[in-house]
Every structure is written in structure tokens, then in C-alpha cells.
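Working notes, structure below.
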Protein chains: 2
Amino acid sequence: MVRKSTSKETARKPNMREAILAAAEELFATNGFNAVSVRDIAHAAGANPGSVTYHFKTKDGLLLEIYRRHCGPMNLRRSELLAAARRVRDLQDRLEAIVRAYVVPAFTSGSDLAGGGARFTRLRAVMSAEGNEVARKIIAQTFDDTSHAFIDAIHESLPHIPRTDIVWRSHFLLGALYYSLVTPERVSRLSRGEVDGSDAAGAIEQLVRATVAAFQAPALDQAEPARRRPVVSSKT
Amino acid sequence: MVRKSTSKETARKPNMREAILAAAEELFATNGFNAVSVRDIAHAAGANPGSVTYHFKTKDGLLLEIYRRHCGPMNLRRSELLAAARRVRDLQDRLEAIVRAYVVPAFTSGSDLAGGGARFTRLRAVMSAEGNEVARKIIAQTFDDTSHAFIDAIHESLPHIPRTDIVWRSHFLLGALYYSLVTPERVSRLSRGEVDGSDAAGAIEQLVRATVAAFQAPALDQAEPARRRPVVSSKT
DNA sequence: TGATCTTTTGTACGATAGTACAAATCACAT
DNA sequence: ATGTGATTTGTACTATCGTACAAAAGATCA
């Protein structure tokens with residue numbers, strides 16, 4: 001209802017709305033939802049607090065709009081990559097391609113949105129940890145379809161593994177992915193400076209390699225529970 | 001300075017201080033630090049808000065005390081289990097025992113503390129996501145030693161894997177562990193009710209199985225970067 | 001019992017939260 | 001140039017925050 005492209009300009013506009021969204025995204029992703037005030041966001045965006053209310057009505061509305069902004073493009077990208085991955089003939093290569101299709105969009109720029117998917121993925125990680133209600137609803141109704149599609153695809157390339165095991169392992173994948181984005185500095189610290197945890201390319205390669213192996217692990221045989229359990233459990 | 005064990009009672013005391021700690025732990029772990037007010041905590045503990053100030057001075061002080069309460073016992077338990085795991089002779093079994101020594105105390109009761117380690121581990125996950133300063137400091141100076149010990153132990157049982165890769169993989173392990181405790185209901189949902197994500201024993205077995213395989217994956221050969229990269233990357 | 005601690009209660013204060021809203025300002029079609 | 005709708009600003013309201021502190025209550029021991 002706004003769109004003012006009468007003459008020549010079609011894309012660029014020093015938009016306050018965009019600035020607020022970007023600032024909020026960054027602040028929410030690093031500090032959580034409740035630790036950031038509307039005034040903080042406005043200040044970071046160079047805007048007036050009232051302007052946030054004007055554009056997004058409430059703080060929840062602002063968060064909602066951030067999600068709306070990213071979910072579509074990211075899931076589209078994932079669908080495309082997943083479709084391509086499904087066409088890989090070699091089963092081992094296909095599994096890796098599927099995992100990559102899941103991981104890459106989460107780490108790198110989601111379509112035309114500035115800043116990229118890493119910030120948004122980190123935001124999702126933080127909201128999920130905080131148990132944010134707004135986020136929970138959107139996540140469940142937006143990402144579950146994608147998650148199921150990936151689980152199905154992985155299951156197809158690993159038919160001998162029960163679906164429950166694949167669910168668990170893809171859950172672990174998401175956890176590892178989230179945590180890598182939340183505290184990359186921990187990787188740098190624990191490696192004594194040998195690796196940069198913030199390096200997306202490096203993180204992706206490591207995550208893909210580890211995750212593919214995890215998916216390929218033999219399934220948990222719930223039929224015969226105590227086959228060859230190793231020691232330690234309740235020794236000391 | 002307090003200790004009033006004059007006659008016979010040595011342990012039991014209907015302690016308000018304990019109730020506040022337990023309530024705060026639960027609320028922080030599920031809602032984050034900033035979303036929970038001192039009044040919420042006091043109400044949940046059946047105490048007066050002023051009582052929180054009396055016992056812990058500030059809200060940060062309360063969080064600090066929660067950490068102090070758990071860190072010692074949990075790390076002690078981990079050290080014991082790690083020491084036992086190190087004595088396992090078979091390399092494959094040893095690796096699994098080490099991973100188990102890391103995971104089990106995080107999921108189950110840490111020594112005599114009520115409620116157990118799962119709640120505290122979840123708390124750590126949430127604080128880490130929120131970038132809580134108090135938590136960050138304690139974590140870095142309390143858990144890094146333990147993390148290094150585990151990384152070293154794993155490295156010993158997998159000498160052909162570079163240390164950097166092991167750091168990444170143990171980072172993924174912690175992320176998967178955290179996420180399993182933060183949103184167990186997602187596992188139930190994605191498995192269409194077939195598994196209970198809150199079942200600690202099941203989660204542990206799945207996590208251990210997947211993680212051991214991830215650690216055993218061939219290392220990323222950074223020497224020759226493009227040896228046999230699979231397809232898809234930038235195709236579509 | 002009464003004195004002396006510790007603990008709990010009740011209340012209050014200043015700061016800051018989210019949001020509402022009128023006034024000022026801007027962008028653009030005529 | 002001017003009118004009109006979109007945006008931005010400034011300010012104010014109420015609620016709630018963390019914390020302080022005095023008074024009440026409870027416990028401990030001479």
C-alpha cells in the first residue's frame with residue numbers, strides 16, 4: 001500500500017524500517033529477546049522509539065516480522081538444494097549433499113537479505129533457548145515441514161537406519177549448528193587459537209563431515225538392549 | 001558462621017534459601033535470565049522478594065550461587081568417570097566410555113543436589129545462548145579445564161585425528177547435548193510421537209552412538225582441499 | 001525470661017520497560 | 001505552490017523491574 005516507485009528508483013531507499021529490523025535482528029541474536037529494549041533497538045538503528053511502534057506495533061510484532069522476512073527465502077533455498085541433492089546418484093555423496101543442503105543456508109546469506117542467514121539462525125537458536133512463544137509457534141509451523149523433508153531424504157539414503165534414530169541425529173545436527181553460531185569463540189579458545197570459530201566455511205566443512213559420519217553410525221538396536229555395553233557406567 | 005547443628009539434626013532443614021535456589025534454577029532454565037523477575041522466583045519458592053535480596057544480595061548473585069552449587073560436584077563426577085574411562089583398554093570402547101563420561105553427568109543427577117544435572121545443564125545452555133556475562137565468566141574458568149581434559153583424552157584414543165577436528169567435534173557434542181535438553185519436545189514432534197525426547201536414558205544412548213561415530217570420522221584434510229568434493233554446492 | 005542473633009516480611013524508591021498519541025516533518029501528486 | 005497521506009519525533013502514562021531498609025517474627029542460649 002505504500003510503494004512509491006514512480007520515477008526511476010526501484011530498489012534503494014534509506015529505509016528506517018529496514019534499519020530497525022536489522023538492528024533488532026542483531027541485538028536479539030546476541031542478547032536475547034528480553035534483554036533488549038525497544039529503546040535499545042531504536043538507538044542502534046538511529047531511529048526514534050516511537051518509530052518502532054509505528055512500523056511494528058509491538059515488540060512481538062517486530063520479532064514476528066523478522067521471522068517472516070527470513071523463513072520464506074531460507075526454506076526456499078533449502079528446498080532447491082535438497083531437490084538437487086536428491087538427484088545425486090551415489091548414496092554416500094547424496095547423504096553429504098543433503099546435509100550440506102541443510103547446513104549451508106543456515107550459515108550463509110539467505111537470498112537477498114542483508115547480513116545473511118547466519119544472524120537469523122543464531123537468532124533462532126537464542127529464541128529457542130529462551131523458550132520464546134512467538135518464535136516457538138512460527139518455528140513449529142514453518143520449519144517442521146522442511147525438517148520432515150530432510151529427515152525423509154536422509155532416511156531414503158540410509159534405509160537400514162530406523163527413522164527414530166534419524167530424527168535424533170538430525171536433532172543433534174541442529175543443536176550443533178546452533179551452538180556453533182552462538183559461541184564460536186569457544187572453539188577458538190579450546191583450540192588455543194588454532195581455528196577461528198567464526199569462519200563459516202570452516203565450520204560448515206567440519207559440521208558436514210562430523211554429521212555425515214553420525215548419520216551413518218549403526219542404529220541403536222532396541223531389540224537386544226545389552227549386547228556389548230562398554231564399561232564404566234556405574235563403576236566409580 | 002551460621003551452622004546450628006547443636007543437638008542431633010545434621011542435614012534436614014526446611015530451608016527457604018534452598019527453595020529459592022531451586023525455583024530460580026527451574027525458572028531461569030526454562031525462561032532465561034531476563035524474562036524471570038526476582039518476584040517470580042520468590043513467588044515460586046513461596047518466599048518474600050526481600051528474602052532473595054537477603055540471601056543473595058542481587059539477582060546476579062543468585063545466578064552465581066546456582067553455578068557455584070553445581071560446578072564442583074558435576075566436574076568431580078566427570079573427572080572420576082573420565083579417569084575410569086581412560087583405563088579401558090580397547091580403543092573403540094575407551095572412546096565410547098569417554099564420551100559417556102562427558103554426557104552422563106550432564107543428563108543425570110550431579111551428586112546430592114536435588115533435581116539433578118539436567119536442569120543445570122539446560123540452564124547453562126540457556127545462559128550461553130543469552131550471552132549472560134556472569135555465566136560466561138564462570139563457564140570459561142570452570143569448564144574449560146574439564147573440556148581440555150576430555151579433548152586430550154579423546155585425542156589419545158584417536159591419535160590420527162588432528163586436535164582441531166576433535167575440538168570442533170566436541171563442540172558439536174556440547175551443542176547437541178544442550179539442544180536435546182532445551183527442546184526435547186521437538187524430538188517427540190518430529191518422530192510423530194514415536195520417541196520421548198525427555199527420556200534421558202534414550203537421549204544419552206542416541207547421543208553417545210552418534211557422537212562416537214562423529215569423532216571417528218576421517219579428518220578434514222586441509223592439506224589438499226579439493227580432493228573429491230561432491231556436487232550441488234552452487235549448482236541451482 | 002529476656003537478650004541477641006538470624007531470618008522473614010512489608011513497603012517504598014528510582015529506573016526503566018512497553019506502548020500510546022498528538023504534533024511536527026517529510027514525500028509526492030496535482 | 002500546496003494539499004494530503006506517510007512517516008518521524010517528542011513526550012507521557014502505567015506497569016514492573018531490582019534493590020534497599022526498617023520493622024516484625026523466629027530462633028538460640030545465658
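Below, chain A is the first sequence line, B the second, and so on; all start at residue 1. On a predicted model such as this, the values are computed, not experimentally measured, just so you know.
Distance B/R17 CZ to D/dG26 P: 22 Å, rounded to the nearest Å. A/N34 has its CG atom 18 Å from the P atom of C/dT16, to the nearest Å. Taking atom CG of A/L27 as the reference point, atom P of C/dG18 lies 12 Å away to the nearest angstrom. Whole-Å rounding puts the A/N15 CG to C/dC26 C1' distance at 14 Å. A/L63 has its CG atom 13 Å from the P atom of C/dG18, to the nearest Å. As rounded to whole Å, 10 Å separates atom P of C/dT8 from atom CZ of B/F56. Taking atom CD1 on B/I20 and atom P on D/dG18, their separation rounds to 14 Å, with Å as the unit.
Taking the six-membered ring where tryptophan is involved, the planes of A/F28 and A/F33 are tilted, since the angle between them lies from 30° to 60°.
Between A/R69 and A/E18 there is a salt bridge, since at least one side-chain N of the basic residue sits less than 4.0 Å from a carboxylate O of the acidic one. With respect to the salt-bridge test (charged N to carboxylate O, under 4.0 angstrom), the residues B/E205 and B/R100 qualify. With salt bridges taken as basic N to acidic carboxylate O contacts below 4.0 Å, none links A/E80 and A/R77.
Heavy-atom distances under 4.0 Å link DNA chain C to A/V38, A/R39 of residues 38-45 of chain A, given in residue order.
Minimum atom distance to the side chain of A/M16 is reached by D/dT8, of the listed D/dT19, D/dT8, C/dA17.
For the pair B/R78 and B/A101, the tightest heavy-atom approach, listed with the atom from each and the gap, is CG-O, 3.6 Å. Residues B/P105 and B/L81 come closest through the heavy atom pair CG-CD1, 3.7 Å. Residue B/A210 comes nearest to A/R169 through the heavy atom pair CB-CG, 4.0 Å, listed as atom of the first residue, atom of the second, then distance.
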Just the table, please: protein N/O against nucleotides 20-22 of chain C N/O, every pair under 3.5 Å.
none

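Residue A/Y54 places no side-chain N or O under 4.0 Å from the OP1 or OP2 atom of D/dT8. Neither OP1 nor OP2 of D/dT8 sits under 4.0 Å from any side-chain N or O of A/N48. Between D/dT8 and A/H55, a contact under 4.0 Å exists linking OP1 or OP2 to a side-chain N or O. Using a 4.0 Å cut-off, no side-chain N or O of B/S51 falls inside it from OP1 or OP2 of C/dT7.
A donor-acceptor pair under 3.5 Å is formed between the side chain of B/H148 and the backbone N or O of B/D144.
In this structure, a donor-acceptor pair under 3.5 Å is present between the side chains of A/S37 and A/D40.
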